[in-house]
Amino acid sequence: YTHLWNSPLVSIDPRFSSILMASADTDAQSVDAQSKGWRTFQVVPIGTTPVNGFQCPSDPTLPTHLPCTDCGACNGNPHGRAKSPYITAHGISARYVGLNILN
């Protein structure tokens, strides 16, 4: 994963999007990255669903979840995998996801 998917250093070489996934903090970032050929991984606030993608099978908010090692859905951006996973915020900082506390 990289938050630098839109930086000049990374976006100048399209090969990065074939081996990395873009970390998206908002629906707008996810849509933007996907429009540029990136698969995304997005952490969404509790009680929300993003505009696109599928719920990560390892999401601990699911009744049963699959360990990442058994899933492989986030294995870069291999050919044939167009959809992007999202996961519900969890853990001690979950309540801060989606808040604009820096501005």
Side-chain angles (χ1 to χ4, degrees):
Y1 309 108
T2 181
H3 272 98
L4 298 174
W5 60 270
N6 207 22
S7 76
L9 294 175
V10 174
S11 62
I12 197 166
D13 190 337
R15 292 177 295 178
F16 283 111
S17 67
S18 70
I19 58 172
L20 298 172
M21 290 176 67
S23 291
D25 296 320
T26 65
D27 284 342
Q29 286 180 357
S30 182
V31 169
D32 185 30
Q34 290 174 19
S35 74
K36 294 175 180 172
W38 289 82
R39 286 183 69 224
T40 59
F41 188 85
Q42 183 178 355
V43 178
V44 298
I46 297 168
T48 65
T49 303
V51 295
N52 55 24
F54 65 94
Q55 191 167 18
C56 174
S58 73
D59 192 327
T61 64
L62 293 172
T64 59
H65 50 276
L66 187 65
C68 293
T69 54
D70 294 340
C71 176
C74 292
N75 191 11
N77 194 4
H79 297 290
R81 290 191 181 151
K83 294 186 178 181
S84 297
Y86 68 86
I87 196 166
T88 303
H90 55 280
I92 196 163
S93 60
R95 63 184 171 174
Y96 299 111
V97 172
L99 298 177
N100 191 0
I101 59 175
L102 298 176
N103 292 328

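Values in this document were obtained by computation on a predicted structure and should not be read as measured data. Both backbone and side-chain heavy atoms feed into the values below; hydrogens, waters and symmetry mates do not.
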What heavy-atom pair brings [X] and [Y] nearest, and what distance separates the two atoms?
X: Tyr1; Y: Ser23; value: CB-OG, 3.3 Å
X: Gln42; Y: Pro50; value: OE1-CB, 3.7 Å
X: Leu62; Y: Pro57; value: CD1-O, 3.9 Å
X: Thr2; Y: Leu4; value: OG1-N, 2.9 Å
X: Ala33; Y: Thr40; value: CB-CG2, 3.6 Å
X: Phe54; Y: Ala73; value: CZ-CB, 3.9 Å

Q. With sequence neighbours left out, which residue pairs that include part of residues 8-21 fulfil the salt bridge (Lys or Arg N to Asp or Glu O under 4.0 Å) condition?
A. Asp13-Arg15
**Q.** Pairs flagged by salt bridge (Lys or Arg N to Asp or Glu O under 4.0 Å) wherever residues 25-37 is involved - sequence neighbours left out
**A.** Asp32-Lys36
Q) Same cluster or not: are Val43 and Ile46 linked, directly or through other Ile, Leu, Val, Met, Phe, Trp or Tyr residues, by side-chain heavy atoms under 4.5 angstrom apart? A) no
Would you check if [X] and [Y] make a side-chain contact, meaning some heavy-atom pair closer than 4.5 Å?
X: Pro45; Y: Thr88; answer: no
X: Trp5; Y: Ser17; answer: no
X: Cys74; Y: Pro85; answer: yes
X: Asn6; Y: Gln29; answer: no
X: Asn52; Y: Val31; answer: yes

Q | From CE (Met21) to CH2 (Trp38), nearest 0.5 Å | A | 10.5 Å
Q) Atom OG in Ser7, atom CZ in Phe16: separation rounded to 0.5 Å? A) 8.5 Å
Q: Please answer whether the main-chain N or O of Lys83 pairs with a side-chain N or O of Arg39 as donor and acceptor at a distance below 3.5 Å.
A: yes
Q. Given the rule in the side-chain contact (heavy atoms from CB on, under 4.5 Å) test, do Val51 and Ser30 qualify, once you have shown the distances and angles that lead to the verdict?
A. CA-CA 9 Å; Val51 295; Ser30 182; 5.7 Å; no
